[in-house]
Trainee: 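One structure, as structure tokens, below. Some questions next.
Worth saying up front: this structure is predicted, and the values here are computed from it rather than measured. Chain letters run A, B, ... following the sequence lines, proteins first, then strands; residues in each count from 1.
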Amino acid sequence: MWKATIKVMLKKSVLDPQGQAVQKALHALGYQNVPDVRIGKYLEVKVALADRESAAAQVREMCERLLANMVIEDYTFELTEA
Amino acid sequence: MWKATIKVMLKKSVLDPQGQAVQKALHALGYQNVPDVRIGKYLEVKVALADRESAAAQVREMCERLLANMVIEDYTFELTEA
Amino acid sequence: MKFGVVVFPGSNCDLDAYHVIRDVLKKPVEYLWHQEESVSGFDCLVLPGGFSYGDYLRCGAIARFSPVMSAVVEMASRGGLVLGICNGFQILLEAGLLPGALYRNTSLQFRCQFTHLVTENRSTPFTGLLEPGRVLKIPIAHGEGNYCVDPETLRDMQERGQIVFRYATPEGETTPEANPNGSMWNIAGVCNERKNVLGLMPHPERAGEAALGSTDGLVIFQSIIRHWEDSR
Amino acid sequence: MKAGIWRDLGLKDSEYEMIVALLGREPNFVELGMYSVMWSEHCSYKNSREVLRSFPTKGERVLQGPGENAGIVAIGDGLAVCFKIESHNHPSAIEPYQGAATGVGGIIRDIFTMGARPIALLNSLRFGPLSDLRVRYTMGGVVAGIAGYGNCIGIPTVGGEVYFDRCYQGNPLVNAMCVGLLEVDKIKRGRAAGVGNAVILVGARTGRDGIHGVTFASEELTAASEEKRPAVQVGDPFMEKLLLEACLELIDNNDLVGIQDLGGAGLTCAASEMASRAGTGMEIELDQVPRRETGMSAYEIMLSESQERMLLVVEPAKEERVHSVFRRWGLDATTIGYVTADGTLRVRFGGEVVAEVPARSLAEDAPSYCPEYREPAYRQAALQLDLSGVPDVTDPAAALGALLASPNIASKEWVWRQYDHMVRTCTVVLPGSDAAVLRLRGTGKGLAMTCDCNSRYAYLDPYTGGKIAVAEAARNLVCSGAEPLAVTDCLNFGNPEKPEIFWQFREVVAGMSEACRALGTPVTGGNVSFYNETNGEAVYPTPTVGMVGLLDDIELRCTQDFKETGDLIVLLGETLPELGGSEYLAVLHNQVCGHPPGLDLEKELALQKTVLAAIRRGLIASAHDLSEGGLAVALAESCFGKCLGASITVSSSGLRMDQLLFGESQSRVLLSLPEGNLAALRALAAANALPLQVLGRVGGERLQITVDSRLLVDLPVTVLREKWQEAIACHMK
Ligand SMILES: Nc1ncnc2c1ncn2[C@@H]1O[C@H](COP(=O)(O)OP(=O)(O)O)[C@@H](O)[C@H]1O
Ligand SMILES: [Mg+2]
């Protein structure tokens, strides 16, 4: 069994209105020293497979098919034994 | 300058409808070997401070004040020099 | 008695709350810009529905830091009446004026529809005029109205009468089918211990005229007015 | 200039030569980019302009016809209604949520640009069959995107239509309509008048998104589209809400000389159109444009289609006031240039002039083409329908159930319950009736609005299909008690460079024009969306008609639901032996063929007059237009709202049973009314020479249809309603 921790972020070129709004809010709260905020998704997905290789392949496939929207998002992931 | 990567997740005791829906969708796509999915937020926040200690303190404060809702969410973060 | 309707950037039911108070209930009402630091002169504040700050991050999370909110908190602590509707409810939760949290509907979709409500506590300033057993028909319109609180707090709230409205069938039964968003215990609206702050997801201001399909929302505003008059 | 580089930007060789002739020199790369977007089909209407001239565009009430950002029609009391529909098909095909969301954002800007407060949204959607996974993903995303934007900005989405057909599988249609309200003396136009006035850019910062979006919209979708697509735009409805409030505040104070949104072709389009309309020029300093990304070139800044931006022209004396209003709303506003007298759009960047072209040449001088046209070969075969090979319906109850569960007829509640259709508390007829009705506070009046098109008809017979789209929209308004005012249209077609497609286009527009003339509803604006093809297969010609109507007395509004047990049920109009192009043939016999129903505009007018007069006299309890599924479906739908049964008896009088129950003959309306009002209704119908048939009564819990004394349908309303209600939701689970 593997646990994949997946980060899905908007591509750099794509507007992140949420990140911008949060950055502004942080400034208003007095945290002027925050020059950048980006907000994405974080997923923990368990996969019942024995070897790391095939787990990685499946996670990659699941990301591209469903978990990330490849038109506007990028993803990265890590695997740990679970 | 530090980059904080922050994960905000619903507390274990709180039902995660989005995680459940994604799990169902993964099963429908044929990934029956996925016993658990949890979904949260992932934030990248830059902080212009010199030492790690004060950066960590500020990130913690920002999380508790704004970035996470401690009633239903937990957060963890990591700092890397940026 | 004077009402104030707080306007946050992104509020959009401010207009509707203002309209029902001024044109239907014929009571004095003014808008209050979120940067206002004083709320003196107002007897009841309404935090209206909408998408303050786009609902980015979490609903109500950013708005609760607006300058006006310190004054709202202060007014609430003096026993002043505060009514949070939908996004306003979310803001009150984020500000800690009410217990619990609201998150994604279990359907993961926005829902705009009429719901029916039963009243658990008829002795709050907001429910005083409700006849026993009356079921209110009031619409909801939200994507994050799933109320959640830890079990101990829920028990305390039940004991203290802080659960005010629950989703029900038209006949008044609080069945799972009548629950539009997955809320714990079908909760639609709660108040604070002192009962002077109410938050609810349904929109009473949208149920103020027969042309809109229901006038059941009026009783909430009328109760507020009666309570204020009685307490003078 | 590298030979042929213009071709990569979508310009023909002859167009490049025109540009050289206009400038008296070769354009530089920035200039070439500007021409390429302004002369794209999307911006210049170069293939459609001539044909569109046949639309009637004038009328007593019309204050603004085509040519501005949206049309405007007077409605009395010093008020006017402003409305427009626009497509966002290709972006929605690639990224359903954001594509649809930004489509909504764009159409809202078109409305408040004119000085109007947006009060309602509608949408017309078309997808492939719901059995397809990708289609369900697309539909889910599109609906969520429309909801995400409209709900957040606080404008109710009150109506629309949704259809499913294989022809839309790879190329869904997403048309968004916005309706706004304004005072007649506050109309704003996109004009850069007044030499020396400041040009101010407000709203979101400019990024690299959507560069060449208009060129993309002017090509067919192919496998390569994935790579070619411009960076997809992400909408920010919160930003637009602030922008909307700030702009309306300034307009209300009369602080603006001109205003225009930045849509397709971004700054290039807004600057050149505003200058061109006013006969002025403009000088712009790109260094001043606030940017979201580093290292952007002049080309990118001029062509960016970043959302939620507006361009304003302001007198110098009012500049500071304007800036302060935006500051209060937390928005960036930057003076980026000024209006000049010489008609030239001059762009500076990094201290150099990077573009210098006549503004008018960008906005007005695009070539106009008259593409070849030819009747498509499919047509003669498709029009053939030999009914002798189609057995008449043997189990009408089962057929009715199948039709009610067909996604094209089934309840669209799964869609509209995701839209906030109540915000602003003016929606007095919610989604689910023939048209939505909004009250106009403080006047006692109301507006009805609808979107309609049956593209199957338009495919089989484009001329008739165009006519019917207009007539059906008007009929839906009339059934709500409104007088139809005017039309906005979204013409979705395939590649106009194919003679068969252009033939469809010409026929449809001719049919629509005829209907608009006959019904007195001029066209005040619209949008043409060509190149709706995947791998060479075009969608059905789909001329979506958006229409707005006026109710003088909001109390006299009408809905399609039966109201009272005992009311009489009456059919106005005539059922003809027609079955071609019907939903019945498609669902029960898997055939799309035959002549669509005919439309006699005189009869249509007589019908609409009668219905409107009857509703206005308060004679009518319910009115429902007969459309897909014919009489039986309309009857069932009228039962559903209040879950009231009905019992009717009809005689077949020579018609086949399927024609009688499910045929889609035009110009028919199903009414219910108290028995005491029948005589007055008869008199009205007789005065208009309109056939009237009393069919039966409202009441009970069952729908019963008797034909020639045989009880053919006898089912509980709840059973039928469940099929109808659950069909789409079941697919989308
Ligand atoms: N995409 C949509 N958005 C909002 N409302 C919709 C949508 N599609 C359909 N509706 C509503 O559902 C009802 C039925 O639609 P439709 O069958 O197209 O009506 P009609 O045939 O009378 O034009 C109408 O009230 C319509 O406005
Ligand atoms: Mg219909």
Side-chain angles (χ1 to χ4, degrees), chain A residues 1-12 16 18-51 54-55 57-69 73-79 82, chain B residues 1-12 16 18-51 54-55 57-69 73-79 82:
Chain A
M1 175 80 76
W2 295 88
K3 181 167 104 176
T5 57
I6 308 170
K7 299 168 186 171
V8 180
M9 294 291 273
L10 285 171
K11 291 198 159 108
K12 279 272 142 57
D16 176 14
Q18 181 158 231
Q20 290 194 349
V22 170
Q23 189 193 352
K24 266 198 177 164
L26 287 172
H27 287 189
L29 284 178
Y31 306 107
Q32 312 284 353
N33 61 351
V34 174
D36 193 37
V37 176
R38 295 189 66 84
I39 303 192
K41 267 188 305 223
Y42 173 74
L43 299 96
E44 288 181 4
V45 180
K46 295 228 174 89
V47 182
L49 275 174
D51 68 308
S54 25
Q58 179 174 330
V59 170
R60 208 167 298 123
E61 201 182 273
M62 294 191 301
C63 282
E64 312 222 334
R65 287 182 70 188
L66 181 73
L67 304 179
N69 177 352
E73 294 172 331
D74 289 327
Y75 69 93
T76 57
F77 68 92
E78 281 163 33
L79 285 177
Chain B
M1 175 82 78
W2 295 87
K3 181 166 105 175
T5 55
I6 308 171
K7 297 168 188 170
V8 180
M9 296 290 274
L10 284 173
K11 291 202 157 102
K12 282 270 145 60
D16 173 13
Q18 210 183 348
Q20 290 191 343
V22 168
Q23 189 190 356
K24 245 176 105 185
L26 286 173
H27 286 189
L29 286 176
Y31 305 107
Q32 312 284 354
N33 61 350
V34 175
D36 191 38
V37 177
R38 294 190 65 83
I39 302 193
K41 272 185 283 226
Y42 173 72
L43 298 94
E44 288 182 2
V45 179
K46 295 226 176 95
V47 182
L49 276 175
D51 68 310
S54 26
Q58 178 174 329
V59 170
R60 210 166 299 124
E61 199 182 273
M62 295 191 301
C63 283
E64 311 222 334
R65 285 182 74 190
L66 176 69
L67 303 179
N69 178 347
E73 295 171 330
D74 290 326
Y75 70 93
T76 55
F77 67 93
E78 282 164 34
L79 284 178

Trainee: Test of understanding: with salt bridge (charged side-chain N to carboxylate O under 4.0 Å, His left out), list the residues that count as partners of A/Asp74, not counting sequence neighbours.
Mentor: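 None.
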
Trainee: Tell me, out of B/Glu61, B/Lys3, B/Met1, who's got the most heavy-atom pairs with chain A below 4.5 Å.
Mentor: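 Heavy-atom pairs under 4.5 Å are most numerous for B/Glu61.
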
Trainee: Identify the two heavy atoms, one from A/Lys41 and one from B/Tyr42, that lie closest to each other, and give their separation to 0.1 Å.
Mentor: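 In terms of heavy atoms, the two residues are closest at O-CB, 3.6 Å.
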
Trainee: If you count heavy-atom pairs within less than 4.5 Å of chain B, which of A/Thr5, A/Ile6, A/Val47 leads?
Mentor: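 Ranked by contacts with chain B, first place is A/Val47.
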
Trainee: In terms of heavy-atom proximity below 4.5 Å to chain B, should A/Leu67 be classed as side chain, backbone, both, or neither?
Mentor: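 Looking at A/Leu67, just its side chain touches chain B.
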
Trainee: Using only non-hydrogen atoms and a strict under-4.5 angstrom cutoff, which residues of residues 33-40 of chain B touch chain A?
Mentor: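 Under the 4.5 Å heavy-atom cut-off, B/Asn33, B/Val34, B/Pro35, B/Asp36, B/Val37, B/Arg38, B/Ile39, B/Gly40 qualify.
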
Trainee: Does anything in residues 18-27 of chain A reach chain B? List residues with heavy atoms under 4.5 Å apart, or say none.
Mentor: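 The list, in residue order, reads A/Val22, A/Ala25, A/Leu26.
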
Trainee: Does B/Asp16 have any side-chain hydrogen bond (donor to acceptor under 3.5 Å, both in side chains) partners at least two apart in sequence or in another chain, and if so, which?
Mentor: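 Partners of B/Asp16 by the side-chain hydrogen bond (donor to acceptor under 3.5 Å, both in side chains) criterion come out as none, since no residue qualifies.
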
